[in-house]
Amino acid sequence: MTADVKPVDELSMDEARAELARLEAAIARADTAYHQNDAPEISDAAYDALKRRNAAIEARFPELMRADSPSTRVGAAPAEGFAKVRHARRMLSLGNAFAPEEVAEFDARIRRYLGLGPDAPLLYTAEPKIDGLSLSLRYEDGALVQAATRGDGETGENVTANARTIADIPQHLTDAPALLEVRGEVYMSHADFAALNARQEAAGDKRFANPRNAAAGSLRQLDPAITATRPLNFVAYGWGALSAPLADTQMGAIKRLHALGFSTNPLTRLCDGPDQMLAHYATIEQGRATLGYDIDGVVYKIDDLALQDRLGFRATTPRWAIAHKFPAELAWTRLERIEIQVGRTGALSPVARLSPVTVGGVVVSNATLHNEDYIAGRDSTGNPIRDGKDIRVGDWVQVYRAGDVIPKIADVDLSKRPDGARPYRFPTHCPECGSEAIREEGDSVRRCTGGMICPAQAVERLKHFVSRGAFDIEGLGAKQVEMFYRDDTLPIREPADIFTLRARDAATLAKLKNREGWGAKSADNLFAAIEARRTIPLDRLIYALGIRHVGEVSADLLARNYLTWTAFETAMTQATVGQGPEWDSLLSIDGVGQVMATSLVTAFHQPAERASIDRLVAHLNVQDATPRGQVDSPVAGKTVVFTGTLEKMTRAEAKARAEALGAKVAGSVSAKTDLLVAGPGAGSKAKKAAELGIETLDEDAWLALIGDG
Ligand code: 9MJ
């Protein structure tokens with residue numbers, strides 16, 4: 001800006017509008033030069049002046065602020081990342097099927113759940129499964145207000161400014177429900193991918209491995225000006241929160257989305273059962289090479305939306321849809337060596353280091369070898385796999401990968417086995433701490449017995465502790481945790497140490513602030529991020545403990561069942577594996593089985609582990625959980641027992657409905673039962689409930705109570 005520029009106060013509306021357009025173009029040009037071409041055309045000070053002038057004019061004329069204004073962009077701060085967005089309705093992933101029998105089983109499972117006979121009509125949609133990344137677009141009163149990636153399904157990244165640059169994404173809708181979240185896939189066509197890579201190469205930038213990576217890399221650009229130069233497509237296939245239904249059927253809803261201006265997949269078909277679904281799968285698979293974009297399977301969905309609603313969800317996937325994946329892609333390469341990684345629970349995992357090879361467009365140099373039986377050519381029950389062929393260092397092996405999963409080894413070419421290759425000897429001691437590694441009866445995995453003294457286990461536990469679903473401490477990721485673990489002046493050896501970091505003596509802290517790559521500001525930011533996590537929801541804490549078999553979903557179940565840390569901790573302390581009321585009550589939680597329950601109780605009774613948990617919790621303020629399901633339903637928190645024949649729904653559906661409304665469903669009547677729902681033929685349970693004075697309803701009264709009557 002030069003000195004003769006008019007002060008903002010003196011600008012007319014038209015002058016302001018014209019200048020904003022000029023500024024927007026100048027800033028976009030500077031962004032591209034800086035971020036994309038790595039060749040800045042103006043100084044940082046001149047760039048800042050443009051942004052400040054833009055912001056000052058917008059402040060005086062807010063009505064002129066454009067949706068794509070440079071001030072909504074984060075391009076100037078590339079290190080900060082995206083803001084997080086909590087999805088109004090979870091973004092789910094799909095369960096997988098690989099064989100035709102699994103598709104038939106999917107249909108049978110749905111019929112069982114809904115209580116439909118094998119001949120009752122049941123329609124499905126079948127559509128290509130695009131291999132891109134999912135995106136949720138939120139429209140309010142027809143205007144696009146937010147775009148978010150899936151993330152972990154609950155929380156994604158706010159990529160609104162970037163999504164606005166995609167031509168397939170309408171900025172405005174007419175005749176749309178007041179609130180509409182449209183979900184679909186962002187992807188890049190083969191032709192655009194090839195052209196982008198050619199441009200990258202010409203500019204000396206890195207090439208993308210495949211169209212999906214290119215699409216993800218382009219959408220997750222901190223600078224929307226770069227996204228704008230990337231040829232991205234969007235296809236709509238679903239929806240999230242809605243103020244009014246789109247249609248009665250999946251097919252109808254897709255047509256409605258199309259009418260609203262979204263691209264939808266023209267290969268979507270209505271099928272009357274597994275035979276037609278498999279026929280359409282075959283058609284799509286045959287046409288796969290000429291589609292012009294990557295797909296990795298076919299998605300089947302129940303067409304009737306009322307049935308989708310009744311079917312609902314399992315932990316992370318809908319019951320009403322499944323992805324039928326194409327067979328995995330294969331390639332041959334040489335096994336260079338086998339390395340053993342030690343995980344957070346002490347599991348010794350063998351990893352194949354391979355001569356790099358391209359499998360389905362991705363360069364693969366590692367594959368999992370699962371466990372020692374797998375290397376030896378047998379499964380966990382001792383039966384041969386790969387016709388009993390073992391895997392040896394130096395062998396030619398066939399690698400395959402399906403979708404996102406870690407590559408695996410499918411086969412060995414014995415004709416190419418080098419002379420003198422020896423069977424692999426699985427270590428009997430931990431390669432990290434030297435402790436004995438043992439294999440318990442019935443376990444396919446050998447585990448290090450070093451526990452807390454094993455540095456590999458301790459570091460992996462810490463990495464888990466700070467991971468996304470756990471404490472998720474900004475600035476303290478896997479890399480930093482490794483550094484702190486190995487640091488002798490300012491060590492973090494267990495989770496509690498994270499919360500004492502700041503309280504250590506001043507001289508030690510000064511060392512952190514002077515350390516290379518740290519500086520006073522990043523150290524202060526880290527302390528602030530740690531402070532922010534001293535208050536932690538119960539489910540995150542349970543998950544963060546890293547107890548075997550307790551994942552995020554289970555941690556959430558446990559939290560919603562016990563509600564407070566004290567209740568949870570007391571129950572785990574008082575429980576004995578295999579007996580007693582605390583044990584029974586733990587097992588009565590739907591989703592908690594013997595294996596998880598044993599693992600939990602054992603962890604709380606292991607003195608070193610227990611002491612470490614206690615040291616941690618002393619530093620925390622644990623937030624109570626809310627009970628499962630809807631808290632405001634008339635049956636929330638009640639224990640319900642179903643007995644006799646239900647006529648309007650199957651037992652499985654009744655149980656899932658009740659649980660979704662916050663009720664606990666038990667198998668037998670006891671003093672803790674609040675309600676008995678008795679259909680015709682109810683026997684001893686109805687009698688016992690009458691003796692105990694427990695309220696008993698018939699099926700219709702139950703449906704009326706929960707609002708389904
Ligand atoms: C893809 N990737 O093409 C779904 N998808 O539906 C289609 N993904 C989906 N549907 C529910 N066509 C969750 C994911």
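Numbering of ligands and ligand atoms starts at 1, following listing order. Because the structure is predicted, anything quoted here is derived from the model rather than measured.
Heavy atoms from both the backbone and the side chain of Lys129 come within less than 4.0 Å of ligand 1. At a 4.0 Å heavy-atom cut-off, ligand 1 touches Pro128 through the backbone alone.
Nearest protein heavy-atom neighbour of atom 12 (N) of ligand 1: Glu127 OE2, 2.5 Å. Summary of contacts: the protein heavy atom closest to atom 4 (C) of ligand 1 is Tyr237 CE1, 3.2 Å. If you check which protein heavy atom lies closest to atom 11 (C) of ligand 1, you get Leu94 CD2, 3.7 Å.
Ligand 1 lies within reach of Lys301, whose nearest heavy atom is under 4.0 Å from it. Under a 4.0 angstrom heavy-atom cut-off, Pro318 registers as lying outside contact with ligand 1.
For the residue pair Asn265 and Thr268, no side-chain donor N or O sits within less than 3.5 Å of a side-chain acceptor on the partner.
Side-chain contact between Glu140 and Leu179 is present, with at least one heavy-atom pair separated by less than 4.5 Å. Here the side chains of Val299 and Tyr237 are not in contact, with every heavy-atom distance at 4.5 Å or above.
Ion pairing of Arg288 with Glu285 is absent here, as no side-chain N (NZ or NE/NH1/NH2) approaches a carboxylate O to less than 4.0 Å. Between Arg112 and Glu105 there is a salt bridge, with a side-chain nitrogen of the basic residue lying less than 4.0 Å from a carboxylate oxygen of the acidic one. Looking at Asp472 and Lys84, a side-chain N of the basic residue comes within less than 4.0 Å of a carboxylate O on the acidic one, giving a salt bridge.
The distance from ligand 1 to the heavy atoms of Leu92 drops below 4.0 Å at these ligand atoms: 13 (C). Close approach to Glu185 involves these atoms of ligand 1, each under 4.0 Å from a residue heavy atom: 2 (N).
The only option from Leu705, Val635, Val640 that meets the side chain to side chain contact (heavy atoms under 4.5 Å, CB included) definition with Leu661 turns out to be Val635.
The shortest N or O to N or O distance between Ile130 and ligand 1 is under 3.5 Å.
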